[in-house]
Amino acid sequence: MAQTHGTTSVKMGIPISRAKLGMWLFLGTEIMFFTAFIGTYIVCFFGSPGWPTDTHQTHINIAAGGINTFVLILSSYFVVVAHEAMGLRDFAKARKFLIMTMALAFVFLGIKTYEYKGKFDHNILPGKIAEDDFQAMDNVVKAMKTAVERELDSLIPGTEKPYEKQAALNLKITEPKAGEAESAEQRTYRAWQGWNEEFNRLRTEVSGNKLTLKDVEERLETGYAHTIIVDTKAPVLKAADGRELTHVAGTLEDSQIEAYKAKQPFTLKAHTGETVSIAPDNLVTAVIPAEVIDLGHEIHHPFVMPYGNLFASCYFLMTAFHAIHVLVGMTMFAWLLMQGSALNETWSDFMENAGLYWHFVDLVWIFLFPLLYILPGLMRAV
Amino acid sequence: MSHEPAAPNAVAAHAGHDAHPHVNYFAIFIALCVCTGISILLDLFESQSLRWVIVFLVISVAVAKAMFVLTYFMHLKFEGNWKFIILLPTTILAIGLMVALTPDIALHYYTPDVPQVHQEAPAAPAPAADHGHGH
């Protein structure tokens, strides 16, 4: 106050430009904005016993986060250099550093996109994460349904409903003529039928509460490749303990595939555990050859992540709002760059404010990086 | 004490509209990089007993980085006392918000009755099993 008193009587209050004052007041509200998210995250973290901290499970990529931290720090440095150059009326240098800042902002968003893709690919998304065994099994069924229906769409293109397409596909299947090899097309249709059969079986068994998560995991591990599905009325299938079965599915080994092709009897270890002897006259409804359609690899290993959805909400809320701020900062720099050679000292206030904003974006990331990437890993040892 | 280096610049600030105090920005940039390196190194350091010390250090490094950015990149070192008028209320409100949130979620003054906790309780060896899957 004493400083302003002597120098000017016109300019009262805080001795800085109104633009800068406005920006700082705005940044004050921004601090509260992000503290609300960070605070909520911290409180949720400590308030939830079993909060997900395994970075393999949450697909938190510390290297990506670390590189992004470096990228933002470097961009902050470039902004400061650009601002300094503007002060020295070296506008060409300012432009050069602004362009580099823009490039780094794109790099940041690129890495962020890569990280988001990892989350989307593994369904680390709010509302999609299984928090108990039943939800995990449901997720497998859903994933299989998606894969089977997508495959059906590629076999029978069009806008018909899945059951209509399935009927159309069934009509396309013909019995191979004696002595003739099955065409590739026919093999694909049969393979799809096999997958659909497996899907229906899984869905029925999961909804009927007949499987545990471990069963589903085992089934996924053995894989659906070379799965044979035998469904028959007569002659009746017999399990090793003498029980009569009407339906059995199991995974074929190479020798069994040979036997099946040569129309010789063989024993099959069924998915349900029993050993069943398959005669050549048993009705094989489907064989899923891995080389034709392999949907098995698309279905993720089921996992249970208590509080995973809350974690994902916190993660996306914080990082997405941060990314939006990056975009706003980029818009400000783009505005400056659009001035081209007309960039002059009248833009220095704008430049300073853009810089302050950008440093704030950097500041937020400085806290998000340890909180989201580093501390969960440290707390994992609990 | 922050007045001392600011004093010569304060004069300049009044002379020209936009003063540019001389800061070795590159040195600040290097310091920030070193800090980032330290926090990544701390992440690799696994110690059960020193866990809270490491957590404290990681947060301290983040605060140090924030101070570097605020002080030099955002020029707060060279600004007048108005910075306190603007930043103090938001800081108090931000801390107040966290304090206000804490009892809602973090403090269990009742028996937690949520499915996730139920699942955790009987499956004490479950985290060990998770370990296996993670790797």
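Chain A is the first sequence line, chain B the second, and so forth, proteins listed ahead of strands; every chain is numbered from 1.
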message = Apply side-chain contact (heavy atoms from CB on, under 4.5 Å) to residues B/Val69 and A/Ile366 and explain how you reach the verdict.
response = CA-CA 10 Å; B/Val69 170; A/Ile366 282 174; 3.7 Å; yes
query = Do you know which of A/Val79, A/Ile31, A/Thr69 has the most heavy-atom pairs with chain B at a distance under 4.5 angstrom?
reply = A/Thr69
query = Looking at CZ of B/Phe29 and CD1 of A/Ile73, how far apart are the two atoms once the value is rounded to the nearest 0.5 Å?
reply = 7.5 Å
query = Any chance CZ of A/Phe134 has more than 12 other-residue heavy atoms, nucleotides or ligands included, within less than 6.0 Å?
reply = no
query = B/His75 and A/His359: aromatic ring centres closer than 6.0 Å?
reply = no
query = Is the closest side-chain heavy-atom distance between B/Leu70 and A/Leu363 below 4.5 Å?
reply = yes
ask   = Closest approach of A/Phe360 and B/Met74, non-hydrogen atoms and distance?
value = N-CE, 4.0 Å
Beyond-backbone contact of B/Val63 with A/Phe367, side-chain heavy atoms, under 4.5 angstrom = yes
task = Sort out for me which of A/Ala63, A/Gly39, A/Gly355 touches chain B most, counting heavy-atom pairs under 4.5 Å.
result = A/Gly39
inquiry  = With a 4.5 angstrom heavy-atom cut-off, is it the side chain or the backbone of A/Ser76 that approaches chain B, or both, or neither?
reply    = both
key: Smallest separation among heavy atoms of A/Thr35 and B/Met98, with atom names   = CG2-CE, 4.1 Å
request  = Specify which of A/Leu25, A/Val80, A/Leu356 makes the most heavy-atom pairs with chain B at under 4.5 Å.
outcome  = A/Val80
ask   = Are side-chain heavy atoms of A/Met32 and B/Leu97 found at a separation under 4.5 Å?
value = no
query = Would a 4.5 Å heavy-atom cut-off, applied to side chains only, mark A/Trp24 and B/Leu87 as touching?
reply = yes
ask   = Side chains of A/Phe369 and B/Val58: closer than 4.5 Å at any heavy-atom pair?
value = no
message = With a 4.5 angstrom heavy-atom cut-off, is it the side chain or the backbone of B/Leu50 that approaches chain A, or both, or neither?
response = neither
request  = Measure A/Ile62 against the heavy atoms of chain B and call it side chain, backbone, both or neither at under 4.5 Å.
outcome  = side chain
query = What pairs meet the side-chain hydrogen bond (donor to acceptor under 3.5 Å, both in side chains) rule with one or both residues in residues 36-45 of chain B, with sequence neighbours excluded?
reply = B/Thr36-B/Lys65
request  = Would you mind checking which part of B/Tyr72 comes under 4.5 Å of any heavy atom in chain A, side chain (CB onward), backbone (N, CA, C, O), both or neither?
outcome  = neither
query = Is the shortest heavy-atom distance from the side chain of A/Leu375 to the side chain of B/Ile59 under 4.5 Å?
reply = yes
key: Heavy-atom proximity to chain B below 4.5 Å, by part of A/Leu27   = side chain
Gap between atom CG of A/Leu378 and atom CZ of B/Phe56 - 0.5 Å precision = 14.5 Å
query = Taking atom CG of B/Leu101 and atom CD1 of A/Ile42, what is their separation to the nearest 0.5 Å?
reply = 10.0 Å
inquiry  = Is any side-chain heavy atom of B/Phe73 closer than 4.5 Å to one of A/Tyr77?
reply    = yes
request  = Sorted by first residue and then second, give each side-chain hydrogen bond (donor to acceptor under 3.5 Å, both in side chains) pair with at least one member in residues 85-98 of chain B; sequence neighbours left out.
outcome  = none
